[in-house]
Amino acid sequence: SQQGEEDPQALSIQEGENATMNCSYKTSINNLQWYRQNSGRGLVHLILIRSNEREKHSGRLRVTLDTSKKSSSLLITASRAADTASYFCATDGNNDMRFGAGTRLTVKP
Amino acid sequence: NAGVTQTPKFQVLKTGQSMTLQCAQDMNHEYMSWYRQDPGMGLRLIHYSVGAGITDQGEVPNGYNVSRSTTEDFPLRLLSAAPSQTSVYFCASSYRETGYGYTFGSGTRLTVV
């Protein structure tokens, strides 16, 4: 069963704006990951944040983790048309990573 | 280029036919897994392997078999295809089952008619 649940399901913004996606999960985790999937492609790993970390940056990406609220957010700053994709959070299960249904981000030029 | 290679990219099967989806990685990853992706449902784990000779079932294993004779290869076999198996299948690999990022293949789009 899915562990993470992304919100919103879809997001449409203008190029240059920031995009924020949220992920909520139900059970305690050791780490949470974010992935991007371009249409018709496989998922690409973006960033991993461990349960003892609160914030992590990678280029234009900023991920936060609040274990007390069982939630994470992914912020993409100064978005570009090339950021158009689906974004998934994944949390560690017993023997795998459990993926949510994703947020579909559209960045309009 | 290092990564996960899946073949074929597209496949149409008739109900009852069998086939094997191939997956190979060249990163010496111990962990490999198969997911299926259906609209609105995210990725669901079919089978996984934590090393050569070791496989186990995931969330939706019925109708599928796997084997792991080498570290590099992790084929997925559909025993008797059903329309409910129409989906996009992804193979992924990682150093360990959790705690490290997964590398995904580009997927196999399977249609069962």
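This structure is a prediction, so every number in the text was calculated from the model and none was measured. Throughout, a chain's letter reflects where its sequence line sits, starting with A, and its residues are numbered from 1.
- B:D38 and B:S87 form a side-chain donor-acceptor contact under 3.5 Å, judged by distance and modelled atom types alone.
- Contacts between B:Q6 and chain A at a heavy-atom distance below 4.5 Å are absent for every atom of the residue.
- Side-chain atoms of A:T64 never come within 3.5 Å of backbone atoms of A:E55 as a donor-acceptor pair (strictly under, hydrogens ignored).
- Heavy atoms of B:Y100 lying under 4.5 Å from chain A belong exclusively to its backbone.
- For a residue to count as touching a neighbouring chain, one of its non-hydrogen atoms must lie under 4.5 Å from one of that chain's; by this rule A:N30 does not touch chain B.
- No other option in B:L45, B:V88, B:V4 has as many heavy-atom pairs under 4.5 Å with chain A as B:L45.
- Tested against B:H29, the residues B:Y95, B:Y48, B:F74 include a single ring-ring contact (aromatic ring centres under 6.0 Å, His included) partner, B:Y95.
- By the criterion of side-chain heavy atoms lying less than 4.5 angstrom apart, applied directly or through intervening Ile, Leu, Val, Met, Phe, Trp or Tyr residues, A:L46 is not grouped with A:M97; the two fall into different hydrophobic clusters.
- Counted by atom type alone, A:Q37 and A:Y35 present zero donor-acceptor pairs between their side chains at under 3.5 Å.
- Taking non-hydrogen atoms and a 4.5 Å limit, the residue list of residues 104-113 of chain B in contact with chain A, ordered by number, reads B:F104, B:G105, B:S106.
- Both the backbone and the side chain of B:Y102 come within less than 4.5 Å of a heavy atom in chain A.
- Between the side chains of A:Y25 and A:R98, no donor-acceptor pair is found at a separation under 3.5 Å.
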Side chain to side chain contact (heavy atoms under 4.5 Å, CB included), that's the test. Do A:L43 and A:H45 meet it? Break it down for me. CA-CA 7 Å; A:L43 280 72; A:H45 181 254; over 6 Å; no
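- Looking at B:T103 and B:S93, their side chains never bring a donor and an acceptor atom within 3.5 Å of each other.
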